[in-house]
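Quick note on labels: first sequence line is chain A, next is B, and so on, each numbered from 1.
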Amino acid sequence: MANPRNEPRDPSGGDDFDIPFDLPSETSAPRPRAGGIAARAAALANPGGPAAAGGVYLDGLNPEQRAAVEATEGPVLVLAGAGTGKTRVLTTRIAHILSLGRAWPSQILAVTFTNKAAREMKERIGAMVGEQVEGMPWLGTFHSIGVRMLRKHAELVGLRSGFTILDTDDQIRLLKQLLQAEGIDEKRWPARLLANTIDGWKNRGLSPSQVPAGEGASFANGRGQKLYTDYQARLKALNAVDFGDLLLESIRLLRENADVLADYHRRFRYILVDEYQDTNVAQYLWLRLLAQGSHNVCCVGDDDQSIYGWRGAEVDNILRFESDFPGATVVRLERNYRSTGHILGAAAHLIAHNEGRLGKTLFSEGETGEKVTVTGAWDSQEEARAIGEEIEQIQRQGSTLSQMAILVRASFQMREFEERFVTLGLNYRVVGGPRFYERAEIRDALAYLRVIASPTDDLAFERIVNVPKRGLGDAALRQIHDHARAAGVPLVEAARQLVGSEALKPKVRLTLRDLVGSFDRWRGQMTSMPQHELAEIVLDESGYTEMWQKDRSAEATGRLDNLKELVRAMEPFENLIGFLEHISLVMDTEGAAGQDAVNIMTLHSAKGLEFETVFLPGWEEGVFPNQRALDEQGRAGLEEERRLAYVGITRARRRAKVFFASNRRIHGLWQSSVPSRFLDELSESDVEVTESRGGSGWGGGQSGRYGYGPSRFDEAQTFGSSYSTPGWQRAQNAARADERGSGPSGGGYSGGGRAGGAGSGFSDSRPSRYAATAAARGRVIEGELVARSSGSASSFKRGDRVFHQKFGYGDVTGVEGNKLTVQFDKAGEKKLVDSFVAAV
DNA sequence: TTCTCTCGAGTTTTT
DNA sequence: CTCGAGAGAA
């Protein structure tokens, strides 16, 4: 299309980059109006004009932010600490580039990790530059931009444009089939593990042939690499890609087709990357390829907030930026606008314990505020109880529940809070959890729609042949499979052919005929009615809705609601194909914010959010830092855990409240625990130890820091009894009842009295009576004792007389590794880990 | 084919 | 303890 202007020219104006399956918002997006540049220039010159927002956008920035925005040319790394206005810089920078007329909206590539981040960025840019943002087709997640490229050039990487994107579930089912075909024992080598392994390779940008020999051999006695090769072949045959391929294949596309790459180089004048510390190798390679064009690449990130190493993120990417992009401008944003002085101080002191970091010191000009509190609880139930109380108290002081959040390390910790809040009648909302489109009922429904839209989608067909149960089980499916392979046709077609033959049992044949007939019928209706109406008909006629209506389990109604929600979500799309195209990448929960409620979520999902008050429970060795992270990743794992702690604290605007419990039930066993080393890494001057509930002066069970020095929290553990309270849990089992009967009950929540509680054990660090047992279980990594193994043999034997803090005295009646069976005098028989009983 | 039971494992999560 | 997945029984 001819463009009257010389430079810059907007390539999106009718060029062949448009693809058929866009979101409605994109296809209907108005192209930049004629005179865009003039209008923008006018806006700059005349801040009072219609596009005035652009004229003043630089005003509110601090000098560093402004520098980051104005350094438009060449590589720029913005090290943006927590709460320093990272998103603001990113969005303002885009607005700035547009306002200066340096590029058309369609010439800016802006990548984020999540759809949520992309959406937010779009909104904020929109607020600054108005409709122009609609012309930014290249603002999106790595994956969605990858898809866009691949759809356009599918044939260059051996795909057809309508390829399907497999989610994790499909992926696993496919791999299971491969494992079976190879005769590999799925118990020893689970498909899940293979999926993770392959994902790991893909994250590192490795195609099957590039997998290092040693690693390829690590799975299933050397067959890992072959399986990966087979898997890729199978994907191609199905005209499908998985998430990793979206990047890997894009990279291949760009590498192997110089003309395509040149095209994108010409197109992308400015590249911006959010959360750069989270990029993996594949994403890095992809970016580097594209950045070779203009060199105007701006990465924003915070090495201290890199918490996704375990899924392939390479902190190294951000640490290496300056050598990767020579001549890079580095801007540090250290002025924090979020948290009070004490919170920042505590967080800074903590994170300073990490070695591999670029180093930033956050400062705030705001008030010092309240100190970070550290509170010890006897066990996890009391911890939940104490937090519940604090929440109610803060609420009484006028805060809303939504301004508070409980951030846990692992989701098993959430349960206790949920139970507690249910009894308190306190509204809470669990953020995160299974994504909407990951729910079984949604995927089933989608599978039906996929088969309708694309009769060659074997995986989708397999998923729902027998859902709801209609008597088409393994045997029938195998027959269809065999026939499909023999005839070289997709499953649906094979089914159709079998129905016409005599090969099937009469009953099966009839059922299958109905099913195939239904699909044909629905497919016929696809063009004659809106997709959401079709979906309703399909769910109804297939018996799927009925299946859940008959289900009397607790979740059934929720599932039906989800299905309704799905139907509703389909409405805005142009057609079924358009809907399916984007569902796999762009559908997220976006849970109704709804009523005022306390937020409960993992530390990971809290990244990027902020709250007035943040509760951080479970700061105990093993839980946080997480034992497995330590065992598997050693020092690197510890540092990532520490960054997680840093992320947690810096979520707080006004109050950060840390908790630890001396006892916690993990996998059904009561374990006593040691306060987290991170507690000691918080600067003392920013922390206040609020010994919550009394303290009988027993001190902690296990003190002794396992080699990393005594802690000031070792004995700051207390007894507040949770055992004597009225039964607040639902069905209590016998064991729980026993505990209540025998626990060292302090007589209610408030019990115990405060005397001698706080800090009484601070200075006098008595040697623990359990130290010997504990030390035997120590584990050294890189000369530093950072981990404890739990699998070692016990030093106890049958017949030993032992003492337990909660259950009292008893006799060992059985030993299995480090797990003991103990017959307690009062509490009855218990199974527990040896480290929390002591020999007497 | 489907239901029930036993066994085993058991961070973090996006796309 | 608690959930999910696979193996045996109806």
Side-chain angles (χ1 to χ4, degrees), chain A residues 111-118 140-147 165-168 171-172 176 185-187 190-193 196 199 202-203 241-247 275 278-280 282-283 307-313 407-415 431-435 437-438 440 466 468-477 505 507-508 511 582-589 601-608 618 622-633 637 640-641 643-644 647-648 664-671 729 731-736 790 831-832:
Chain A
V111 268
T112 63
F113 275 84
T114 63
N115 291 305
K116 186 167 162 243
T141 63
F142 278 98
H143 296 267
S144 65
I145 289 169
V147 177
I165 301 164
L166 301 192
D167 49 43
T168 321
Q171 206 183 344
I172 300 230
K176 266 191 188 152
D185 180 8
E186 278 181 67
K187 277 200 168 148
R192 170 119 242 145
L193 178 65
N196 286 337
D199 271 350
K202 289 188 174 179
N203 283 339
V241 293
D242 63 19
F243 286 122
D245 285 337
L246 294 179
L247 281 163
E275 305 278 17
D278 286 337
T279 48
N280 60 36
Q283 285 156 340
I307 55 175
Y308 286 109
W310 49 272
R311 73 176 194 214
L407 309 183
V408 298
R409 172 65 242 264
S411 39
F412 73 82
Q413 293 172 260
M414 293 179 177
R415 175 115 140 248
V431 180
R435 301 256 158 290
Y437 70 88
E438 274 170 10
N466 203 27
K469 302 233 182 314
R470 42 171 80 92
L472 298 172
D474 283 350
L477 187 59
K505 287 186 196 154
K507 203 171 164 195
V508 171
T511 324
H582 275 272
I583 188 76
S584 51
L585 288 175
V586 172
M587 185 101 179
D588 43 23
T589 339
M601 66 184 93
T602 63
L603 286 159
H604 282 92
S605 39
K607 195 173 74 153
V623 175
F624 192 37
N626 178 275
Q627 191 59 53
R628 221 154 124 175
L630 260 32
D631 286 346
E632 289 167 16
Q633 307 290 329
E640 183 153 312
E641 294 289 300
R643 289 193 290 266
L644 207 42
V647 167
R664 191 174 288 279
R665 195 166 51 179
I666 294 172
H667 307 333
L669 291 172
W670 279 98
Q671 311 235 199
Q729 280 187 319
Q732 303 248 357
N733 58 30
R736 305 276 314 120
S790 57
K831 286 195 180 227
L832 30 77

[X] side chain N/O closer than 4.0 Å to the phosphate oxygens (OP1, OP2) of [N]?
X	N	answer
A:N466	B:dT2	yes
A:K176	C:dG6	yes
A:S411	B:dT11	no
A:N115	B:dT15	yes
A:R415	C:dT2	yes
A:T168	B:dT15	no

For [X], which contact category applies under a 4.0 Å heavy-atom criterion: base, sugar-phosphate, or nothing?
X	result
A:E641	base
A:D167	nothing
A:F142	nothing
A:E438	base

To the nearest angstrom, how far is [X] atom [atom1] from [N] atom [atom2]?
X	N	atom1	atom2	answer
A:L193	B:dG8	CG	P	18 Å
A:H667	B:dA9	NE2	C1'	8 Å
A:N626	B:dT11	CG	C1'	5 Å
A:K116	B:dT15	NZ	C1'	15 Å
A:I666	C:dT2	CD1	C1'	15 Å
A:D185	C:dG6	CG	P	11 Å
A:Y308	B:dT11	OH	C1'	12 Å
A:L630	B:dT12	CG	P	16 Å

Derivation and outcome, side-chain contact (heavy atoms from CB on, under 4.5 Å), residues A:D199 and A:Q171: CA-CA 10 Å; A:D199 271 350; A:Q171 206 183 344; 3.4 Å; yes

Walking DNA chain B from its 5' end, the first of A:A475 and A:I307 to be reached, judged by nearest nucleotide, is A:A475

Most 5' of A:R628 and A:G244 on DNA chain B, judged by nearest nucleotide: A:R628

Dump the intermediate steps for side-chain contact (heavy atoms from CB on, under 4.5 Å) on A:L603 and A:I307, then the final yes or no. CA-CA 9 Å; A:L603 286 159; A:I307 55 175; over 6 Å; no

Could you go through A:R311 and A:N280, starting from their C-alpha distance and side-chain angles, then the distance that decides it, and tell me whether this counts as side-chain contact (heavy atoms from CB on, under 4.5 Å)? CA-CA 8 Å; A:R311 73 176 194 214; A:N280 60 36; over 6 Å; no

With sequence neighbours excluded, residues passing ring-ring contact (aromatic ring centres under 6.0 Å, His included) with A:F113: A:F142

Could you write out each protein N or O paired with an N or O of nucleotides 7-9 of chain C at a distance under 3.5 Å?
none

Centroid distance below 5.5 Å plus an interplanar angle below 30 degrees: do A:F113 and B:dT15 meet both conditions? no

Evaluate the side-chain contact (heavy atoms from CB on, under 4.5 Å) criterion for residues A:V508 and A:L472: first the C-alpha distance (whole Å), next the side-chain angles of each, then the deciding distance (0.1 Å), finally the verdict. CA-CA 7 Å; A:V508 171; A:L472 298 172; 3.6 Å; yes

Donor-acceptor contact present, side-chain A:N115 to main-chain A:T141, <3.5 Å: no

Who passes side-chain hydrogen bond (donor to acceptor under 3.5 Å, both in side chains) against A:R628, sequence neighbours left out? A:E632

Return the nearest nucleotide to the side chain of [X]; candidates are [options].
X	options	value
A:T602	B:dT15, B:dT1, B:dT13	B:dT13
A:T141	B:dT1, B:dT13, B:dT15	B:dT15
A:R409	B:dT13, B:dT1, B:dT11	B:dT11
A:K469	B:dT1, C:dC1, B:dC3	B:dC3

A:D474, CG: over 12 other non-hydrogen atoms inside 6.0 angstrom: no

Evaluate the ring planes of A:Y308 and A:H604, with Trp represented by its six-membered ring, and classify them as parallel (under 30°), tilted (30 to 60°) or perpendicular (over 60°). tilted

